[in-house]
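First comes the structure, then the notes that go with it.
Note that the structure is predicted; figures quoted are calculated from it, not measured. When a ligand or atom number is given, it counts from 1 through the structure's own listing order.
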Amino acid sequence: MEQKKIKAYDNVLELIGSTPLIKLSKITENCSGDFYAKVEAFNPGHSTKDRIALYIIEQAEERGLLKPGDTIIETTSGNTGFSLAMVSIIKGYECILAVSSKSSRDKIDMLRSLGAKVYVCPAHVSADDPRSYYQVAKRLHEEIKGSIYINQYFNELNIDAHYKTTGPEIWEQTAGQITHLIACSGTGGTISGTARYLKEQNPEVKVIGVDAYGSVLKKYHETREFDPNEIYPYRIEGLGKNLIPTATDFDSIDKFIKVTDEESAHMAREISKTEGLFVGYTSGAVMQAVKQLAEEGEFDKNSKVIVIFPDHGSRYMSKIYSDEWMSAQGFFDSVNSEEARKIEY
Ligand code: PMP
């Protein structure tokens, strides 16, 4: 008797990409148009960064820059670090991550659990200090033969990864009917690569980037000048920047909109509660942007709006999903909400 074939993936990397598009309903109840989220938490590493980790490493392999046992280096404690560690395990590379001492213990432990070697570097020193995580990563890259430095903020391959995957997936999933793409901009890779592809298919697709108050991106987009006065501390991680990344193609983006820490945090919690989608802080930011854009009259009944939800809520248990943290930020003060009352008891 002929044996049936076992249905299994060869490894976890085969599950990267092809994430679902999910229609939003309750959270967009009062907005004109149809809204769909590209939910990147469905990647095996629970974020959109799986795509760039796999793509950049495979490009280096194709170019003969990596052989088994070589080393991948990056400066991140966030999603990119997680994805690089995961890809390195499967492909047999060392993964070294230089992170700031501001990174939470949980994040560092998580990266170490995935086999990464983590260098914890002092947060209070300037970027050109030899002890900073930038300089440590650079030095390790110079010292370690057979190493590549991912450098996601200044790596064009970050854009290409999304041009080759996220863009075509959205075009296909929407049957070419997309009218708006709304996405967060950090390195800018996601929005730029996706926008480039979509605008090649239909130049009318409107692309709106989401930026944080305290970041320079929006102002730079408008003036093409770096304005240090725009910079001040904010809490959302992964959104906005205090420098101009070359992984952002500003010409592919029609406009930027800024959102606050507080509104984005409440919005992320709202998405989880209304849509059953447990999403990260920047997913809240992107929906907050949608709300502001809807109020400005950006959409009409024919709009087909795609938002990108970059990662999963589980990474934020001690932040936006902690009532204590929300309260400590003063995020419950201005809302006369049930949530605020709940903490008092
Ligand atoms: N959201 C989160 C949680 C992120 O980690 C990042 C990456 N910095 C982004 C959004 C922005 O994506 P990109 O870097 O591709 O602009």
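- Counting the atoms of ligand 1 from 1 in the order shown, those under 4.0 Å from a heavy atom of Tyr316 are 3 (C).
- Counting atoms of ligand 1 from 1 in the listed order, those under 4.0 Å from a heavy atom of Pro310 are 1 (N), 2 (C), 10 (C).
- Nearest heavy-atom pair, Thr190 versus Ile308, reported as atom, atom and distance to 0.1 Å: CG2-CD1, 3.8 Å.
- The single protein non-hydrogen atom nearest to atom 2 (C) of ligand 1 is Thr282 OG1, 3.5 Å, given as residue, atom name and distance.
- The protein heavy-atom contact nearest to atom 13 (P) of ligand 1 is Thr187 OG1, 3.3 Å.
- Among all heavy-atom pairs drawn from Leu66 and Ile72, the shortest one is CD1-CD1, 3.8 Å.
- At a heavy-atom distance under 4.0 Å, no atom of His162 approaches ligand 1.
- Between Phe278 and His312, the ring-plane angle classifies as perpendicular under the 30° and 60° cut-offs.
- Using modelled atom types, no side-chain atom of Lys219 and backbone atom of Arg224 make a donor-acceptor pair closer than 3.5 Å.
- Of all atoms in ligand 1, numbered sequentially from 1 with element shown, those under 4.0 Å from a heavy atom of Gly189 are 15 (O), 16 (O).
- A heavy-atom separation below 4.0 Å is not found between Gln152 and ligand 1.
- Of the possible polar contacts, one joining the Ser272 side chain to the Ala268 backbone as a donor-acceptor pair under 3.5 Å is found.
- Counting only heavy atoms from C-beta outward, the side chains of Tyr55 and Tyr163 never approach each other to under 4.5 Å.
- Within the 4.0 Å heavy-atom shell around ligand 1 one does not find Gly280.
- Near Ser185, meaning under 4.0 Å from any of its heavy atoms, are these atoms of ligand 1: 16 (O).
- The aromatic rings of Phe332 and His266 sit tilted relative to each other, their planes meeting at an angle between 30° and 60°.
- The distance from ligand 1 to the heavy atoms of Asn79 drops below 4.0 Å at these ligand atoms: 3 (C), 4 (C), 5 (O).
- Using a 4.0 Å cut-off to heavy atoms of Gly188, the atoms of ligand 1 that qualify are 13 (P), 14 (O), 16 (O).
- Thr80 and Gln152 are linked by a side-chain donor-acceptor pair at a separation below 3.5 angstrom, with hydrogens and angles left out of the test.
- Ligand 1 places these atoms under 4.0 Å from at least one heavy atom of Asp311: 3 (C).
- At least one N or O atom of Lys49, backbone or side chain, sits closer than 3.5 Å to an N or O atom of ligand 1.
- Considering only non-hydrogen protein atoms, atom 4 (C) of ligand 1 sits nearest to Gly238 CA, 3.8 Å.
- Ion pairing between Arg139 and Glu143 holds under the 4.0 Å rule for side-chain N and carboxylate O.
- When each atom of ligand 1 is checked for a heavy atom of Thr190 under 4.0 Å away, the hits are 12 (O), 13 (P), 15 (O).
- Residues Thr19 and Arg51 bring a donor and an acceptor atom of their side chains to less than 3.5 Å of each other.
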